[in-house]
Amino acid sequence: MAIATISPTTGKTLRTFEVLSSEELERKLQRAADTFRSYRETSFADRARWMRRAAEILEVEAGRFGRMMTEEMGKPLEAAKAESIKSATACRYYVTRAEKLLRDSPIDVDGDTAFVRYQPLGPVLAIMPWNFPFWQVVRFAAPALMAGNVGLLKHASNVPQCAIALEEIFRTAGFPEGAFQSLFIETSEVNRVIEDPRVKAVTLTGSEGAGRAVGAAAGRAIKKVVLELGGSDPFIVMPSADLDKAVHTAVSARLINNGQSCIAAKRFIVAEPIAQEFERRFVERMKTMVVGDPMDPKTDVGPLATPGILEGLHAQVQESVKAGTRLLLGGKPQGGPGNFYPPTVLADPPPKAPAFHDELFGPVATLLRARDLEHAIELANATPFGLGASVWTQDANEQRRLIDGIEAGMVFVNALVASDARLPFGGVKHSGHGRELADLGIREFVNAKTVRIT
Ligand code: NDP
């Protein structure tokens, strides 16, 4: 069954869903176009009232939504509830700022009246992943709806109940019918939706492969596209760093969301003089992490979302070890029902190993040693990705050099890379293009119309 809730903890199929027929899809696309015509005329005050209500629902019902996320994709329950509450912060951010961010920007041109006016584009298709099934959607929807666009969600096929819940949240909050609709369609139908003249733009969060397919389809249709793809984020630790804090953060950074986050730190690049000590402490701490039922509050690491993710990850680990990478911890699926993979530590992969250059989407960390700062930057940049980077040093010159030298969309100094409604989020290289959140995020899906009056 293509669209279904299949428990990653037990492997059991819990619910299945029908895909939309051609007629149903057509009705939804038409409803989006019809709704946009009136919705674009609504005031910021009305949109803010509805969005504030959406934030309240996300907060009040965090328990229910949390259980739904955990059941469908396996993240620990507390993290799932926190995701619902965090999603409310993105709604509230744009409730208070959207109008200001989209106010006409005046420009001084030889005494003429000139300005840029920001107008909504229309229905925007959002193709979203399962790993943060609420947050990824809300961080698209909150700015898009506040800007006067309407949303069409093609959610990942393994989180259908989350997709239904999100549509309900916006409807219950007061947004007009058709302002935010979920489309139960297969990926083979996505191109047809992108090509449809009623759809004006596309955003995708997901894998590099999906990014290439969606980017190509949007290119053929000459439509704006934002791509937020994978990452193989470096976590650089220099000798002046607070080692204790760096190790604690490193383990959390790798295991967040059962290791399935685009901005999880994946490659730990440590300066030679402290590399051995870092390795000892890191492995010790990874060993203490509890793998188990994500509904159990004692669990640190739940199952991977699908059997396919588990198989792919294990193949990358095996290939890396075969290529000469040292295996320091874990390295084998746990067996039994559910997609469980233990915290795993690899070290010193050669450049041909997947652990050196690919994204490993699960609880597998790769340790690398750097001779000096320039070597650390060279290793950090030695992958096709460029999403986030976490760098640890007390030295101001090193901080400056790292901020300038790392090819990434985001650099966090002495901190975990984390998304936040107030900070622009996105990458370079194969991690995609465009930005979500903050001021840049709300300006992605608008027509920045230049006006000059002489
Ligand atoms: P995908 O990229 O396959 O899925 C993300 C979304 O894109 C889903 O809604 C999926 O639909 C859709 N999709 C997939 N292929 C296409 C296509 N050709 N055209 C249009 N839409 C498409 O991610 P996976 O679930 O397969 O995860 C695999 C890898 O993706 C991970 O190992 C990781 O590297 C990366 N990833 C990155 C994420 C991030 O946050 N940047 C999030 C999730 C994954 P459907 O579910 O129906 O296939």
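Counting starts at 1 for both ligands and their atoms, in listed order.
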Next item on the list: Please lay out, stage by stage, how Phe235 and Trp392 fare under the test ring pair (Phe, Tyr, Trp, His ring centres under 6.0 Å).
Entry: CA-CA 8 Å; Phe235 186 107; Trp392 293 74; 5.6 Å; yes

Check: What do the steps show when you test Thr393 against Gln399 for side-chain hydrogen bond (donor to acceptor under 3.5 Å, both in side chains), and what is the final call?
Finding: CA-CA 7 Å; Thr393 169; Gln399 290 180 359; 5.4 Å; no

Check: Is the Phe282 ring parallel, tilted or perpendicular to the Phe268 ring (thresholds 30°, 60°)?
Finding: tilted

Notebook entry, point to check: Can you tell which of Arg435, Lys224, Lys200 makes a salt bridge (Lys or Arg N to Asp or Glu O under 4.0 Å) with Glu444?
Noted result: Lys224

Which pairs of nitrogen or oxygen atoms, taken one from ligand 1 and one from the protein, are under 3.5 angstrom apart?
| residue | atom | partner | partner atom | Å |
| --- | --- | --- | --- | --- |
| ligand 1 | 2 (O) | Ser207 | N | 2.7 |
| ligand 1 | 2 (O) | Ser207 | OG | 2.6 |
| ligand 1 | 9 (O) | Met128 | O | 2.8 |
| ligand 1 | 9 (O) | Ala156 | N | 3.4 |
| ligand 1 | 11 (O) | Lys154 | NZ | 3.2 |
| ligand 1 | 25 (O) | Trp130 | NE1 | 2.5 |
| ligand 1 | 34 (O) | Glu359 | OE1 | 2.4 |
| ligand 1 | 40 (O) | Asn131 | ND2 | 3.3 |
| ligand 1 | 41 (N) | Leu229 | O | 2.9 |
| ligand 1 | 46 (O) | Ser157 | N | 2.9 |
| ligand 1 | 46 (O) | Ser157 | OG | 3.1 |
| ligand 1 | 47 (O) | Lys154 | NZ | 3.0 |
| ligand 1 | 47 (O) | Ser157 | OG | 3.3 |

Notebook entry, point to check: Parallel, tilted or perpendicular for Phe170 and Phe180, by the 30°/60° rule?
Noted result: tilted

Note to self: Check whether Thr344 reaches the backbone of Val364 with its side chain - one donor and one acceptor, N or O, closer than 3.5 Å.
What the structure shows: no

